[in-house]
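FYI, the numbering just counts along the sequence from 1. These numbers come from the heavy atoms of this one structure, side chains and all, not from hydrogens, waters or symmetry mates.
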Amino acid sequence: MHSNASRTRAPGIDIARALAVIGVVATHTVSGMLNSSLIDSSYPAYEWIQNIGMLRLPALAFLTGLFIPSGIAKRGASRYMRIRLVSLGYLYVLWSLIQGTVAVAFAGYRNGSGGTWLGVLSLWTPEGQLWFLTYLMTASVLLTIFRPWKNGKRAIASLVLFLCVTLLMWGRQYNYVGIAGLSLIFFSALGATMGMHRAVRILNRGLGTWIAVGAVSTSLFIALLGASPQHPASGTSATPPQLLLPSLLASTVGCIALVACSQILFFVPYVARPLQLVGQRTLEVFVMHYSLYAGTRVLLMHAGVENPAFHLVAGISVGVLVPVFLSWLLPRIGMRWLFQPPSFFMLDGRSLLAKVRLVARRGALRT
């Protein structure tokens, strides 16, 4: 498609990330509408959007895995892991406190329980969607240790192991840091095994190829939905054995369909460019949308607006567009710390000690 690999990556991967995170926002929005009695499970868009849930998180896990080999090659394993854990851990703690505080403070305006201050401080049990940040930390550690991209034997052994973990945990969403989301580990391992360089070569296929891939994978996904597959992270009970294979296949071909769709949309510039922008702000959308769509729903309901279609469009629009705008605005007014840790958090022990000594020396000179 393009001779420059770095240029090829942006449209394909970023558009796919955008579609996946929009699916996350849509699923949470329609679930909030159901819990608020704005709709019931027979609402036409509800089932359709819930079906998207089969692929949204596996796709995000897979796409995130693509970046791990190049990140380790660039920074080294120990530095990559430290940066990854500090960045994700910082965001997890910060947004757990923000999201939990908002929920408690506005409990009287929300439907259902708004939580407690003790719950806000219970950081070992993730709040809302933030469990996915803790999953990314766990996946980063495991994949840095196993490194399935190194050679064929290691790839096979790692993928078999992680496939077993995924099948064992499928449907079991234990909401504790370190084990939440482990049903997604196979998809992250697939992405890491492939790596960004292989992904770019695959994405170089022409439009006709991706139309064919998209048609076949979408048809298979729709057919597999007839087997009533279960979402990978949907509860705390084990998935019935007879549903494991259809569920895994549905999520896998769904991811392929999403990637194919992103490549097709690349050829529609007026659609591709906004999606690419959203894809570059996936993390900001993910951490912010939960409170934004819930706040939008509450405001609309207090204003007497109960039209489900209006709620759905408004919730998704606010949940996606406001974080993208704020990710541009806030760093320009000194609030970059909402999306990335201050620089001193990223220092290793030796660098931090040198920094402290330098500050102490300057203080001594001033006195």
Side-chain angles (χ1 to χ4, degrees), residues 21 24-39 53 57 86-138 173-181 233-236 281-306 311-312 314-327 329-330 333-342 345:
V21 81
V24 170
V25 178
T27 305
H28 287 157
T29 300
V30 79
S31 296
M33 292 167 59
L34 180 71
N35 294 334
S36 301
S37 301
L38 285 167
I39 60 172
L57 291 177
V86 170
S87 299
L88 290 170
Y90 171 84
L91 285 175
Y92 169 69
V93 173
L94 175 64
W95 282 95
S96 293
L97 296 176
I98 292 174
Q99 189 167 296
T101 299
V102 170
V104 173
F106 293 93
Y109 300 94
R110 296 179 50 164
N111 303 97
S113 173
T116 64
W117 291 113
L118 179 60
V120 173
L121 298 176
S122 301
L123 295 176
W124 56 91
T125 56
E127 162 74 17
Q129 85 290 9
L130 296 174
W131 65 264
F132 192 72
L133 296 181
T134 71
Y135 162 74
L136 292 179
M137 296 168 67
T138 304
Q173 177 59 349
Y174 298 123
N175 199 35
Y176 295 99
V177 171
I179 59 173
S234 57
T236 57
R281 301 291 184 268
T282 303
L283 189 59
E284 291 89 339
V285 173
F286 195 89
V287 298
M288 294 187 70
H289 80 274
Y290 209 79
S291 296
L292 289 171
Y293 88 82
T296 301
R297 185 182 68 248
V298 170
L299 288 174
L300 289 175
M301 291 182 69
H302 276 76
V305 179
E306 296 189 357
H311 272 266
L312 184 60
I316 296 173
S317 299
V318 171
V320 173
L321 298 180
V322 172
V324 171
F325 172 71
L326 291 179
S327 69
L329 174 65
L330 294 179
I333 58 175
M335 299 184 70
R336 187 183 300 273
W337 54 271
L338 282 170
F339 303 122
Q340 64 184 57
F345 275 84

May I have the list of side-chain donor-acceptor pairs in residues 128-135 shorter than 3.5 Å, sequence neighbours left out?
{"unit_1": "Q129", "atom_1": "OE1", "unit_2": "Q99", "atom_2": "NE2", "d": "3.1"}
{"unit_1": "Q129", "atom_1": "NE2", "unit_2": "Q99", "atom_2": "OE1", "d": "3.2"}
{"unit_1": "Q129", "atom_1": "NE2", "unit_2": "F286", "atom_2": "O", "d": "3.1"}
{"unit_1": "Q129", "atom_1": "NE2", "unit_2": "V287", "atom_2": "O", "d": "3.3"}
{"unit_1": "T134", "atom_1": "OG1", "unit_2": "W131", "atom_2": "O", "d": "2.6"}
{"unit_1": "Y135", "atom_1": "OH", "unit_2": "L184", "atom_2": "O", "d": "3.1"}
{"unit_1": "Y135", "atom_1": "OH", "unit_2": "I185", "atom_2": "N", "d": "3.4"}
{"unit_1": "Y135", "atom_1": "OH", "unit_2": "S188", "atom_2": "OG", "d": "2.6"}

Output for pair (H28 NE2, N35 CG), nearest 0.5 Å, gives 11.0 Å
**OP:** Look at the side chain of Q173 and the backbone N and O of A180, then say whether any donor-acceptor pair between them is shorter than 3.5 Å.
**Re:** no
pair L88-Y92: side-chain heavy atoms closer than 4.5 Å: no
OG1 of T296 to CE of M301, rounded to nearest 0.5 Å, is 13.0 Å
Taken in chain and number order and not counting sequence neighbours, the residues that satisfy side-chain contact (heavy atoms from CB on, under 4.5 Å) with E284 are R281, S327, F339
All heavy atoms of A314 vs all of L300, minimum pair found to be CB-CD1, 4.0 Å
Closest non-hydrogen contact found for M288 with P323 is CB-CG, 3.9 Å
task: Apply side chain to side chain contact (heavy atoms under 4.5 Å, CB included) to the pair L123 and V177, showing each step before the final yes or no.
output: CA-CA 8 Å; L123 295 176; V177 171; over 6 Å; no
OG of S96 to CG of L91, rounded to nearest 0.5 Å, is 10.0 Å
Across all chains, not counting sequence neighbours, the side-chain contact (heavy atoms from CB on, under 4.5 Å) partners of T282 are R17, V21, L60
Sorted by chain and number, sequence neighbours left out, side-chain contact (heavy atoms from CB on, under 4.5 Å) with L121 holds for L97
With sequence neighbours left out, the residues meeting ring-ring contact (aromatic ring centres under 6.0 Å, His included) with Y293 are Y290
- Give a yes or no on this: more than 12 heavy atoms of other residues, nucleotides or ligands lie within 6.0 Å of atom CG of L329. yes
All heavy atoms of W95 vs all of L338, minimum pair found to be NE1-O, 2.8 Å
The side-chain contact (heavy atoms from CB on, under 4.5 Å) partners of L34 (sequence neighbours excluded) come to I39, Y46
Distance col, row R297:CZ vs L38:CG, nearest 0.5 angstrom, shows 7.5 Å
### Query
Side chains of L330 and R336: closer than 4.5 Å at any heavy-atom pair?
no
To the nearest 0.5 Å, atom CG of N175 lies from atom OG of S122 at 11.0 Å
### side chain to side chain contact (heavy atoms under 4.5 Å, CB included) between V322 and F325, worked out
CA-CA 5 Å; V322 172; F325 172 71; 5.7 Å; no
Item to complete: Kindly determine whether V320 and H289 satisfy side chain to side chain contact (heavy atoms under 4.5 Å, CB included), including the steps that lead there.
Response: CA-CA 7 Å; V320 173; H289 80 274; over 6 Å; no
>> Please determine whether side chain to side chain contact (heavy atoms under 4.5 Å, CB included) holds for the pair T116 and V104, giving the CA-CA distance in whole Å, both sets of side-chain angles, and the decisive distance to 0.1 Å.
In response: CA-CA 6 Å; T116 64; V104 173; 5.5 Å; no
